[in-house]
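One structure is given below, encoded as structure tokens.
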Amino acid sequence: MARILITSAIPYINGIKHLGNLVGSQLPADLYARYMRARGHEVMFICATDEHGTPAELAAKKAGKPVDEFCAEMHEVQAKIGAGFGLSFDHFGRSSSPQNHKLTQYFAGRLADEGLIEEVSEQQVYSHADGRFLPDRYIEGTCPNCGYDKARGDQCENCTKQLDPTDLIEPRSAISGSTDLEVRDTKHLYLKQSQLKDRLSEWIDTKTDWPVLTTSIAKKWLHDGDGLQDRGITRDLDWGVPVKRGDDDWPGMEGKVFYVWFDAPIEYIAATKEWADKTGGDWESWWRTDKGADDVRYVQFMGKDNVPFHTLSFPATIMGSNAPWKLVDYIKSFNYLNYDGGQFSTSQGRGIFQDQALEILPADYWRWWLLSHAPENSDSEFTWENFQAGVNKDLADVLGNFVSRVTKFCRSKFSEAVPNGGAFGETEKALIDDLTTKIRAYESYMHDMEVRKAANELRGIWVAGNEYLQAEAPWTVFKTDPDKAAGQIRLALNLIRVYAVLSAPFIPEASAKMLSGMNTLDTSWPDDVEAALTALPAGHSFTVPEVLFAKITDEQREDWAERFAGTRD
RNA sequence: GGCGUUAUAGCUCAGUUGGUUAGAGCGAACGACUCAUAAUCGUUAGGUCGGUGGUUCAAGUCCACCUAACGCCA
């Protein structure tokens, strides 16, 4: 039995995410977590909401709420949606938690002790009316070059000239419109990532088994241009983790917070501590290599936009701390999912949001389609036609109908109990060999996180059951040799349990229904397929389950395609 | 403007280090079956692998240029 630590990139707090966010990290992470648990491994599956930073403040302001209240509410909303999709987190934390404050301050202190933090003086525009500093794009004014009156502090959109905030004529706050501004000196902490460049580079070079997408992005950041740059880790904001050096105050840093990119990944650790504080579990045995984590395999899931933070920034924090914290062992990254020929767009309301998806169909429909079309090698495409075809064919026709035809046949010809009689013959042996080959391939793909290939293999396993029935035709056999037909159906009924166990990582709700229909709690993995196909003995009662997957009609498809084409109401 | 990614059957995608007649699923046509959610199973048709040129005994697979789509950056 292995110990596996799994984290999914933590979603930002400022709104409900679309399906592209789901398929790029949380969903495949959940698939992997469920599979590893099913194989008997000890799993710690962690996710959280990423709550700090300016966008959270602005979203709260727009909602007319204090930012902490807003974040607490949005966290609940996201937690509920995650549960709706069956995401089986051991803990879904919050980056604003006290645990994360403490750990973030601890890491900053460690980095400072190691000489990896530098204080840098900068000039920033301060707004008296807003009571805060304004990052470049929060200042507007007239462009000195072309006279455009809505130029931003970093660039004029009209003439594309790059600007400095102090260049603007009649500058004003983009938040309040106030012109009561002044340029102030401010000090910030920088993490000297450049000093860690060689260690990071060496470390990345050892990761020869990582997907090319992951390592190529990391190497690009390491080596392009002047190489890995030092980076500011503090901001002049109210909302965030107050800057402290461990438990001590940090002279000159009063009133400042850590920049969101610095505290967010530390939340992976802090969320595990949140879990421990709640359950009494041992969080350090997952994260401290001196306290039991040396045998942990740590796997991260994320979209490609998050790769630089997880291959460089977060490892820089861990390595730079010079303390025995667990580094990631494997990073599985995903490309983007496009929507009907374009991008999903949060701002334009284009595409399907997670809450809407759950309103129109059960989670398993989405889980199956999204995972079987996961954008692993390149950006992939969601179309309603494809979604309808995939779900109807795979789930309703191949799997759902298999369950239906077997249980109903048994009920009508025998009873609602596994029938007695018959024995495995040549065809059954052949089926068992075929299934064994396919299940071993499925295990291999799941182990390697080859999501699409695993889905394809699973589908093949479902098809094998229909092939068997079609070839053996128990409905014909029954007329002349009911005993033989009984043996065939007993095998088919057992196949339903095996399918439920194998399919659970992809479609947990339907699997639970199948097991419940078969009236069994036996979720043992089919290591030995022949034995697994006799788990339900003759005489074991069952009930014909309700329809597992209703088909998506053309009317529904057209209706939804129109509804999600643009602007969210 | 700079950098990068992608371009394979009607659709969504596989194609390992270049090597026999380029694969899968869906869709289509035809056939079988009737237990089942008009479901299932089988057979067949469909591609000059975006274009041009090059390297090689051999290129979808490497190189150059072109075109198109997309992404990132200042």
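So that the names make sense, note that chain A is the first sequence line, chain B the second, and so on, each numbered from 1.
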Subject >> For A/Lys551, all residues meeting salt bridge (charged side-chain N to carboxylate O under 4.0 Å, His left out), sequence neighbours excluded >> reply: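 Expected list: A/Asp397.
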
Whole-Å [atom1] distance, [N] and [M]:
N: B/rA64; M: B/rU5; atom1: P; answer: 11 Å
N: B/rG51; M: B/rC13; atom1: C1'; answer: 23 Å
N: B/rC72; M: B/rG10; atom1: C1'; answer: 33 Å
N: B/rU6; M: B/rU20; atom1: P; answer: 23 Å
N: B/rC49; M: B/rC11; atom1: P; answer: 16 Å
N: B/rA7; M: B/rU52; atom1: C1'; answer: 16 Å
N: B/rU40; M: B/rU61; atom1: C1'; answer: 39 Å
N: B/rU55; M: B/rU16; atom1: P; answer: 24 Å

Measuring to OP1 and OP2 of [N], would you say a side-chain N or O of [X] lies under 4.0 angstrom away?
X: A/Arg411; N: B/rC35; value: no
X: A/Lys551; N: B/rA38; value: no
X: A/Lys453; N: B/rC13; value: no

Please state how far atom [atom1] in [X] lies from atom [atom2] in [N], giving the value in whole angstrom units.
X: A/Lys393; N: B/rU37; atom1: NZ; atom2: C1'; result: 12 Å
X: A/Tyr336; N: B/rC72; atom1: OH; atom2: P; result: 7 Å
X: A/Gln470; N: B/rU43; atom1: CD; atom2: P; result: 13 Å
X: A/Phe334; N: B/rU5; atom1: CZ; atom2: P; result: 21 Å
X: A/Ile461; N: B/rG25; atom1: CD1; atom2: C1'; result: 16 Å
X: A/Asp305; N: B/rG4; atom1: CG; atom2: C1'; result: 15 Å
X: A/Asp394; N: B/rG27; atom1: CG; atom2: P; result: 10 Å
X: A/Leu370; N: B/rU12; atom1: CG; atom2: P; result: 16 Å

Original post:
Have A/Gln193 and A/Arg231 got a donor and an acceptor in their side chains that come within less than 3.5 Å?
Top reply: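 No, no side-chain donor-acceptor pair sits under 3.5 Å.
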
**OP:** Would you tell me whether A/Thr234 and A/His188 have side-chain atoms, one donor and one acceptor, within less than 3.5 Å of each other?
**Re:**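 There is such a pair (donor and acceptor under 3.5 Å, judged by atom type) between the side chains of A/Thr234 and A/His188.
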
Any strand: nucleotide that pairs with [N] via Watson-Crick or wobble, under 3.5 Å:
N: B/rG60; result: none
N: B/rC11; result: B/rG25
N: B/rG2; result: B/rC72

Subject >> Option among A/Glu376, A/Glu450, A/Gln300 that satisfies the side-chain hydrogen bond (donor to acceptor under 3.5 Å, both in side chains) test with A/Lys332 >> reply: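 Between A/Lys332 and the candidates, side-chain hydrogen bond (donor to acceptor under 3.5 Å, both in side chains) is satisfied uniquely by A/Glu376.
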
Subject >> base_contact_polar (B/rU12 base, A/Glu381 side chain, donor-acceptor, <3.5 Å) >> reply: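 Between B/rU12 and A/Glu381, which were checked side chain against base, a qualifying N/O pair under 3.5 Å is absent.
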
Original post:
Does A/Asn401 make a side-chain donor-acceptor contact with the base of B/rA36, cut-off 3.5 Å?
Top reply: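 Donor-acceptor pair under 3.5 Å: yes.
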
Taking any heavy-atom pair under 4.0 Å as a contact, classify [X]: base, sugar-phosphate, or nothing.
X: A/Ala389; result: sugar-phosphate
X: A/Ser380; result: sugar-phosphate
X: A/Leu548; result: base
X: A/Val463; result: sugar-phosphate

Original post:
Hey, what's the ring geometry for A/Phe549 with A/Tyr365, parallel, tilted or perpendicular (30° and 60° as the breaks)?
Top reply: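 The rings of A/Phe549 and A/Tyr365 stand perpendicular, inter-plane angle above 60°.
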
Subject >> A/Val398, nearest nucleotide to its side chain (from B/rU12, B/rA36, B/rU40) >> reply: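 Closest nucleotide to the A/Val398 side chain: B/rU40.
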
**OP:** Side chain of A/Arg405 only, please: which of B/rC35, B/rC41, B/rC26 is the nearest?
**Re:**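 Nearest to the side chain of A/Arg405 among the choices is B/rC35.
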
Original post:
Considering all heavy atoms of both residues, which atom of A/Leu435 and which atom of A/Ala464 are nearest to each other, and what is their separation?
Top reply: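 For A/Leu435 and A/Ala464, the tightest heavy-atom pair comes out as CD2-CB, 4.0 Å.
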
Original post:
Can you check B/rG46 for me, syn or anti if syn means within 90° of 0?
Top reply: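 Nucleotide B/rG46 adopts syn.
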
**OP:** Please answer whether B/rC35 and A/Phe409 are stacked, defined here as ring centres separated by less than 5.5 Å and planes angled under 30°.
**Re:**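 According to the criterion (under 5.5 Å, under 30°), no, A/Phe409 does not stack.
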
**OP:** Between A/Phe549 and A/Ala464, name the one whose nearest nucleotide on RNA chain B is closer to the 5' end.
**Re:**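 It is A/Phe549 whose nearest nucleotide is closer to the 5' end.
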
Subject >> Given RNA chain B, 5'-ward residue of the pair A/Ala471 and A/Thr476, judged by closest heavy atom >> reply: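 By nearest-heavy-atom nucleotide position, the 5'-most residue is A/Thr476.
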
Subject >> Verdict with reasoning, A/Phe314 to A/Phe309, per ring-ring contact (aromatic ring centres under 6.0 Å, His included) >> reply: CA-CA 6 Å; A/Phe314 187 39; A/Phe309 292 100; over 10 Å; no

